[in-house]
Amino acid sequence: MEPGFMENLGWIICASTLVVLLADRLRVPSIVAYIVAGLLLGPIFGLLEVTHAVELIGEVGIALLLFVVGLELSLEKIRDVGKVAAVAGLTQVGLSAAGGFGISYALGYEPMQALLLGIAVTFSSTVVVVKLVDQKGELDALYGRIAVGILLVQDIVVVLALTVLAGVAEGGTDVGVKALLSSVGFALGGTAVLMVAALAASRWVLPRPMAWAARSAETLFMWSLGWFFVFVLVSYVLDLSLEIGAFLAGLSLAQLPYSEELKRRVHPLMSFFVAIFFVTLGLQVDLGSARQGLGVALVLSAFVMVGKFVMFMVSVGRSGYGERTAFQTAVSLAQISEFGFIFASMALSAQLIGEEVLSIVAVVGLTTIALSSMLIQYSDPLYRWVEKKGALKMFGASGNPEEAKREEGARDHVIIVGMNPLGRELVRYFESCGEQVVAIDTDVAKLSDLPAETILGNVEHGSVLEEAGLEHARAIISALHIDDTNRVVALKARRAGVPVAIHAFDGAIISELEELGVDYLITPRADAVEQEWERLKASLLENGKGQESGND
Amino acid sequence: MIEVAVIVFGAAVAFGLGRWLRIPAMPLLIVAGLLFSLTGLLDDREVVGAMLEMGLTFLVFTAGLEMAPSRVREQVGAVWRVGLTQFALLGGLAMVVLWVGGQSVEESLYVALAVAASSTLVVVRLLRQRRQIFEPLGRMILGVLLLQDVLIILGLVVVSGLPQGPAVVAQRVGGGALLMGLSALLYWQVLPRVIDRYEDDDEIGLLVVVATLFAMLGLASLVEVPIIVGAFAAGLALSSFPTNALVRGLIGPLIDFFMALFFVALGAFLVVPSLDELRIGLGLIVLLWVVTPVVVVFVAERAGFTTRGAVEAGLLLAQTSEFSLVVALQGVASGQLSEGTLTIITLVTVVTIGLTPWISARRMVLLGMRLHPRPRAVEGGTDLEDHVVVIGLGVAGSMLMEKIKRTQMQAVGLDYDPAEVSHLRERGYQVVWGDADDPRALEALNLSQARAVMITTGRLAHVEQVAERVAKGTPIWVNLMDDSQVSACEAVGAHTVNYSRASSRRVMAWFESLESAETTS
């Protein structure tokens, strides 16, 4: 075992928790807190260095993040933003690279260094954008989908650029154009093949085995992660982008009816891994050399934040989208990507640039990521403020026509948890009485053929009851035979102020349930006796030998 | 990256196979790890080791989190007797056998500790599947498992300090006590509030939980006790309700993920055992399968359980625990145990846990009952005629007894829970103590002369047994949860009552009363 792995991880977790708790008070996004925690642990106090295993967790985290994005987006959701993503994405990539190059060249850097700086400031950070937009619950809002589309277009360009850079770094300057072209072709072809494979699988391969696996929550979870790692591994082996591989794995599962449950289960895993990724970003910063190029870094940061904002405001606004959508998209994408660091460090090891350029990229990264995290978090009030001032008129976007009101969950319904025979009977009976029912269970087979809206998931996971619309429900009923979960249902119902009935399947748990304020205890066995007794008694008396007379 | 992918892939295969073969996934996960490591795909020991450590931590943490002594309240006496006797006798026997066989004292102690306890993970899952977790028997078994988990943690603290002498042992016990004290403080005062506050913020909630875990690990290494003691203490600190449920909601998938990875990674660390080691392993398996049931049956019967219940408990507990792996890894990490012994312990665990569903199956229980020389099957009996028999005296059974009595008919009840039986006897009812699965108990009810039989246990086997014994035309009423067994019951002439259907009308009435209360207000 690696000595110190747990120790390193412990420091990372504990330090970032403290900083995040503090940041939460100050309403600073957690990403910034993670990076600060990393800075504190590494460059400032020198407590830690990034080890292989910790770095690996970070890598898995980024891939998981993109997996979640894929899970979030079904094909229809991305089809309608494909065009704007391609146009806006490619235009911005070209303009940003040219602008970055121009500024650096004008500030006195050699063409090769200026070119590298230009490329490094071109791309926006998928991890940052997705994480923050996801936290706002707006990944499937229109601007969220456009932003993700643009990021994916950028990712494809990143793969190509990395391929070229790797070719140059390996072969020096005398690398053949033919060899370069063939590796670029390979990267593009590989991505296309992967995409076709993902889509074909989602249609013809996955549905049946996944339906079988979905009968057990654990099996579904592990199989999906297995599927995810197949794509990640293939991308890794073929030198394609891990992010795109992970995204495609998620996309192929998003078409299945269990994608919501999967997303809920992958989410905590992703949050944990991604947190470690951001801390390692902070850990790796070299503060000493960062001071040298501070001026240039600030100029480039300003270019990134203002330039990208303007580019997206114009390109998205002019593609027929509303002002608010264009604004939110533009604000979301105004930072540089962690790929900037990767580019710069590859170029450094190929001796194409010096230490100074690397540290400039690092400072631009930290500055723009920190600032844009704040902007993304507060983009709604920011938009209202800017709109009032009329400052966005010049970008020529139309009003805000397309933002249809987002779907609201069920209302005035009854939630029934646990589709054992009792639960299923309750669902049927309530539906037959004309009530609108949402049925929840962890086993997909138990949810089949019910005349109600169904949710696959465990009510202990925070968002399941939220998705079921607990706040707006008229009542919640648990038929479950699991006392812990029943108590959770009771607790959450009480907090939401919704009347609750719980299956009191055992005498010993009744007092606990009563303490939790359960409104009605379901006692099926006793109900059966009460209801059937007269019939039973009649039959008993009839069958007797006649000497007794009943006087119940 | 390849290692993580391979481990996850192995876990996915193992879960699929486990579901298909209907056996616990854990042994399959370990075998998957072993197979993958033989192919050379898991050679990066740094990464595999990291996964192993993470998984180990979460495994022990979960055990702490799931400690809920309140669930076993009524069975405390039986739990102490069965739990301690099994632990001491099995551990002692293993210790003596190994020590006589030439192993060192330390090594024998570790193995003894490893085989002394049974698997909470697997047995609790089986009890849930069989709907027995709330029966007195289920509660007793659960209590035994929880007690043994605690004993192992205590044992580890002691054994880890042994080579350095009694002073170090005392110091470590003190360290462990300190951790538990802190855990209690957090349990009562701090964590419920913190978790409650951040429950809605998934990210911060998750961080707080994981940070608690790692802080406790750090503290454990500071006071020089094995760090898994810290993991256990962290779990305990979060085990109050509703904190534990919120924690499961926040980091459940993280626990599932790392635990699956743990078993695969462990498999990758195994070495191929020598013939001698295999022989020891085989000996331990036989010891577990023979000694555990005998010991548990002996003690459980004396604690008030019927032979049937005692045999079932004995068979359900006849395996080593996931904590055995924890003990073995701790031994290897502290240099007190060889890798070969780790392999033996893992092998024993894989076999005994993998076969638990079969070992504890109904026909094995019946076999055990037949082999019992002096069974405690029944106490009391009746020679009444024209009486009504009620089998199963839970909520419905007790109500039936009362209602039948009010009609001036004679009622005779049957139940295996001694508490329930003596409670009803005190109230003047005629009750036989015995198990409906045991023909001897059914014989004591004079079924052939009964006017009617009411079965509230809902088990088809009981219906069939009763149908064989009653006179032709005697009504048998069965309380069933759904319609799946209706035709089987009707085939032997029984009438069925679907209690789910009875309840839905009453729940609807409650729901409608809410509506009318709303409209009137």
Side-chain angles (χ1 to χ4, degrees), chain A residues 1-2 5-6 10 13-14 17 20 24 30 52-53 56 60 216 218-219 221-223 225-226 229 233 236 265 268-269 271-272 421-422 425-426 429 433 460-462 475 484 487-488 491 499 501 506-507 520 522-529 531-533 537 539-540 543-545 548 550 552, chain B residues 1 4-5 8-9 11-12 15-16 19 46-47 49-50 53 134 202-204 206-208 210-211 214-215 217-218 241-242 245 248-249 251 253-254 256-257 260 386 388 395-396 399-400 403 406-409 451-452 475 477 479 481-482 497 499-504 506-508 510-511 514:
Chain A
M1 287 181 213
E2 179 199 357
F5 165 72
M6 294 298 272
I13 301 283
C14 293
T17 304
V20 165
D24 183 54
S30 54
H52 172 45
L56 183 68
V60 175
S216 133
E218 278 170 335
T219 312
F221 180 50
M222 286 319 292
W223 277 33
L225 287 178
F229 271 108
L233 209 57
Y236 183 81
R265 290 187 68 89
L269 210 59
S271 299
F272 176 71
L422 174 62
E425 187 61 43
L426 282 167
Y429 193 70
C433 295
E460 285 191 350
H461 298 168
D484 287 353
R487 288 197 289 164
V488 174
L491 187 82
D506 184 84
Y520 182 78
I522 310 174
T523 49
R525 290 163 194 268
D527 292 348
V529 173
Q531 193 173 309
E532 298 290 320
W533 175 244
K537 192 172 79 176
S539 141
L540 283 178
N543 196 56
K545 290 168 185 164
E548 294 98 351
D552 186 13
Chain B
M1 186 64 86
V4 186
V8 171
F9 199 71
F15 270 103
R19 212 171 101 53
E46 184 187 335
V47 171
E53 277 190 283
F134 288 100
D202 292 349
E203 190 180 6
I204 299 186
L206 179 138
L207 278 176
V208 170
V210 183
F214 274 92
L217 296 183
F241 180 82
R248 274 199 303 270
I251 71 161
L254 211 61
D256 289 350
F257 177 75
D386 202 30
V388 182
V395 181
M399 279 174 75
L400 281 170
K403 285 186 183 285
R406 268 195 256 156
T407 60
Q408 311 292 315
M409 280 182 267
R451 176 197 287 232
W477 291 86
N479 218 344
M481 196 168 182
D482 62 14
V497 175
Y499 59 77
S500 300
R501 211 163 291 145
S503 257
S504 24
R506 294 194 149 222
V507 178
M508 192 62 187
W510 162 74
F511 181 69
L514 289 175

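A note on names: the letters A, B, ... follow the listed sequences, proteins ahead of strands, and every chain is numbered from 1.
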Would you mind checking which part of [X] comes under 4.5 Å of any heavy atom in chain A, side chain (CB onward), backbone (N, CA, C, O), both or neither?
X	answer
B:L217	side chain
B:A260	side chain
B:V395	side chain
B:D202	neither
B:V497	side chain

task = Quick one: do A:D484 and B:R248 satisfy side-chain contact (heavy atoms from CB on, under 4.5 Å)? Show the steps, please.
result = CA-CA 11 Å; A:D484 287 353; B:R248 274 199 303 270; 3.5 Å; yes

Would you indicate whether the side-chain heavy atoms of [Y] and [X] approach each other to under 4.5 Å?
X	Y	answer
B:W477	A:S539	yes
B:V388	A:L540	yes
B:F257	A:P268	no
B:P253	A:H461	yes
B:Y499	A:Q531	no

request  = Kindly compute the distance separating CD1 (B:I204) from OG (A:S30), expressed to the nearest 0.5 Å.
outcome  = 7.0 Å

task = Starting at CG of A:D527, measure out to OG of B:S503 and round the result to the nearest 0.5 Å.
result = 3.5 Å

Could you look at [X] and say if it's the side chain, the backbone, both or neither that has a heavy atom under 4.5 Å from chain B?
X	result
A:L225	both
A:L233	side chain
A:L426	both
A:Y236	side chain

key: Considering all heavy atoms, the nearest B:W510-A:A501 contact   =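 Closest approach of B:W510 to A:A501: CZ3-CB, 3.6 Å.
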
task = Could you pull out the closest heavy-atom pair between B:L207 and A:T17, with the gap in Å?
result = O-OG1, 3.4 Å

request  = Could you go through the side-chain contact (heavy atoms from CB on, under 4.5 Å) check for A:M6 and B:F214 one step at a time?
outcome  = CA-CA 8 Å; A:M6 294 298 272; B:F214 274 92; 4.0 Å; yes

inquiry  = Please determine whether side-chain contact (heavy atoms from CB on, under 4.5 Å) holds for the pair B:R506 and A:Y520, giving the CA-CA distance in whole Å, both sets of side-chain angles, and the decisive distance to 0.1 Å.
reply    = CA-CA 10 Å; B:R506 294 194 149 222; A:Y520 182 78; 3.4 Å; yes

